[in-house]
Amino acid sequence: KGSVSELRRPYEDRLLEAKLAGVPEPIRADTKLAIQSAPENRNEVLKYLADKFGKMLKVSPEEVSAALSPEDKASWDKFDAEIAALNSGRRSWGTIQAVYDVGPPPATYLLRRGDLDRPGAQVPPGYLRVLCDSAEQSTIADAEASAITSGRRLAFARWLTQPDSTAGGLVSRVYVNRVWQALFGQGIVATSDNFGNSGARPTHPELLDWLAVEFQSNGWRIKPLVKQIMLSSVYRQASRRESPSTASAGPHRATAEPESVDPGNELLWHMPLRQQESECVRDAILCASGQLQQGLGGPPTPLDGRADGAVMVKKDATASAAARRSMYLVSRRRYNLSLLEAFDQPELTSNCTRRTSSAVVSQSLTLLNDDFVLEQARAFASRIEREAENTNDRIVRAFQIALSRKPLPSETSWAHELLDHQAERYLKTAPPPEAAHQALSHLCQMLFNTSEFLYIP
């Protein structure tokens with residue numbers, strides 16, 4: 001960098017002197033001083049001269065390049081090539097957006113009729129009054145201000161997570177309820193976004209209180225909370241509704257009373273049947289085919305809208321990018337991947353506090369005809385061919401990967417029938433190995449279409 005500046009400086013000085021020749025002699029020295037001084041060091045006279053003559057006396061890089069001698073021009077080209085090579089190896093992190101304090105916090109006023117130009121009384125910073133025992137407790141008085149921050153955000157976070165406070169109790173209950181909703185499909189309070197008077201009442205208020213206290217006692221750690229719920233007997237229940245003749249022993253399974261007493265299963269006498277979320281359906285297909293890329297971070301996977309209205313992964317995306325987890329797909333308002341759209345992918349135009357699920361014909365049609373599903377079914381078949389040799393072992397392996405269990409005898413029988421029927425069709429136009437591969441691809445695709453693959457039992 002120093003050599004580049006030294007090379008350019010003599011030419012810049014000569015060009016500047018030539019331009020200064022057009023400035024009247026009495027003010028020439030002051031003008032030169034004005035344009036060479038830092039703006040904060042200029043007095044009123046120098047500011048006036050810099051504003052008046054600055055543009056006229058500015059020496060552009062193009063003028064310097066045109067004035068270079070052949071020898072200096074060669075040196076300049078060499079420096080330019082070295083700089084370009086160094087810049088090409090520089091790592092770029094893109095734009096990082098952040099929120100931080102830029103000075104003392106401005107005063108906030110109560111605006112009369114919402115008019116910014118009519119400020120009323122000043123509003124001091126404070127906590128939510130409804131969650132405080134008194135007006136004095138609602139004032140932020142313990143903010144640790146410093147030269148770079150007001151300390152209010154830290155004080156607010158500490159207030160929200162204080163175990164013995166009303167706010168801390170509410171925050172822990174809301175969070176525990178969200179975790180419960182993620183594991184069971186519905187929270188202990190059904191309206192997870194509304195814990196107020198207009199929201200639903202908790203079905204198990206004592207349980208919600210106990211889990212909230214445990215959550216706080218464990219230092220607000222999420223993994224112990226999830227583990228505690230998942231190891232409970234209520235989470236480990238079966239989702240099927242057993243009849244009295246086949247029910248397991250125990251007072252809660254002895255009769256069919258739960259069906260009539262609690263038909264909505266609000267008291268969780270059996271595990272709710274839950275459909276996998278849209279991203280999980282796509283990720284499960286990629287995982288079964290062995291194509292899922294589990295790398296962390298990086299740019300999003302681009303999408304492309306087709307003329308027929310379908311939204312697919314962009315064709316020029318690399319294979320590794322196209323097989324990344326669905327959380328890395330580009331998301332823009334109503335612009336979602338068609339496969340995810342079929343399985344109730346929420347829109348970004350509004351907040352989604354709870355996923356909705358549906359069972360409609362378009363889901364089956366998508367799994368039968370989507371190019372991505374067909375491609376992954378073929379990849380799944382190739383994986384099975386690598387991991388098992390004979391037909392019976394391949395059927396067993398396909399069920400183990402897709403459904404995490406071995407097939408029943410009846411399922412093995414119809415799987416053989418499907419393979420034989422499809423292989424016979426493809427033998428008319430393809431050699432035996434290719435026909436067998438296509439038939440196995442059909443079996444893999446049918447496993448993708450099963451309710452057991454799409455639902456969490």
Side-chain angles (χ1 to χ4, degrees), residues 93-111 116 119 121-184 186-200 202 204-230 296-297 327 331 346 348 350-355:
W93 302 102
T95 301
I96 300 177
Q97 296 182 347
V99 178
Y100 54 91
D101 290 311
V102 295
T108 303
Y109 298 93
L110 184 65
L111 305 180
L116 185 64
Q122 184 174 346
V123 180
Y127 308 120
L128 298 177
R129 176 67 179 85
V130 71
L131 297 178
C132 298
D133 297 331
S134 63
E136 292 75 17
Q137 292 183 0
S138 65
T139 303
I140 298 181
D142 55 347
E144 300 176 2
S146 66
I148 60 175
T149 178
S150 65
R152 294 176 182 176
R153 288 193 300 271
L154 178 59
F156 185 67
R158 288 173 174 171
W159 174 74
L160 284 176
T161 55
Q162 187 176 351
D164 298 330
S165 66
T166 306
L170 177 60
V171 170
S172 60
R173 285 174 176 83
V174 170
Y175 198 91
V176 165
N177 190 68
R178 289 295 180 94
V179 173
W180 189 277
Q181 176 180 280
L183 295 176
F184 288 91
Q186 178 170 304
I188 298 175
V189 177
T191 54
S192 57
D193 57 343
N194 185 0
F195 268 55
N197 292 329
S198 61
H204 303 76
E206 295 84 0
L207 175 61
L208 181 62
D209 292 344
W210 182 78
L211 287 174
V213 173
E214 287 292 304
F215 184 41
Q216 294 183 17
S217 300
N218 288 324
W220 302 83
R221 295 167 57 210
I222 302 171
K223 287 185 177 180
L225 172 65
V226 174
K227 180 180 179 181
Q228 191 173 41
I229 297 176
M230 295 182 71
L296 300 177
M327 66 178 295
S331 295
L348 297 181
S350 60
N351 291 333
C352 177
T353 58
R354 181 184 176 188
R355 293 288 184 99

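We use all heavy atoms of the structure for the numbers below, so side chains are in, but hydrogens, waters and symmetry mates are not. Along the sequence shown, residues carry numbers from 1.
Cys132 and Ser138 make their closest contact through SG-CA, 3.6 Å (heavy atoms, listed as atom of the first residue, atom of the second, distance). Pairing each heavy atom of Asn218 with each of Pro224, the nearest pair is ND2-CB, 4.3 Å. Here the shortest heavy-atom pairing between Asn194 and Gly196 reads OD1-N, 2.9 Å. When all heavy atoms of Arg355 and Pro346 are compared, the pair lying nearest together is NE-CG, 3.5 Å. Between Arg173 and Phe195, the shortest heavy-atom contact is O-CZ, 4.0 Å.
Counting only heavy atoms from C-beta outward, the side chains of Arg178 and Asp193 approach each other to under 4.5 Å.
If you take CG on Leu128 and CG on Leu160, they are separated by 7.5 Å, rounding to the nearest 0.5 Å. In this structure, CG on Leu208 lies 6.0 Å from CG on Asn177, to the nearest 0.5 angstrom. Rounding to the nearest 0.5 Å places OH of Tyr175 at 3.0 Å from CD1 of Ile222. Going from atom CE of Met327 over to atom CG of Leu296 covers 8.5 Å, rounded to the nearest 0.5 Å. Atom CH2 in Trp180 sits 11.5 Å away from atom CD in Gln186 (nearest 0.5 Å). Leu170 CG to Leu131 CG: the interatomic distance, rounded to the nearest 0.5 Å, is 6.0 Å.
Ring planes of Trp159 and Tyr127: parallel class, angle under 30° (limits at 30 and 60°).
Side-chain N or O atoms of Gln228 include none that pairs as donor or acceptor with a backbone N or O of Glu214 at under 3.5 Å. Of the possible donor and acceptor atoms, one in the side chain of Gln181 sits under 3.5 Å from a partner among the backbone N and O of Thr353. Without hydrogens or angle criteria, Thr108 side chain to Val123 main chain gives no donor-acceptor distance under 3.5 Å.
With a 6.0 Å radius and a threshold of 12 heavy atoms from other residues, nucleotides or ligands, Arg129 has its CZ atom above the threshold.
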* Between Leu225 and Val176, is a side-chain contact (heavy atoms from CB on, under 4.5 Å) present by the stated rule, with each step listed? -> CA-CA 8 Å; Leu225 172 65; Val176 165; 4.0 Å; yes
* List the steps and the verdict of side-chain contact (heavy atoms from CB on, under 4.5 Å) for Phe215 and Val179. => CA-CA 11 Å; Phe215 184 41; Val179 173; over 6 Å; no
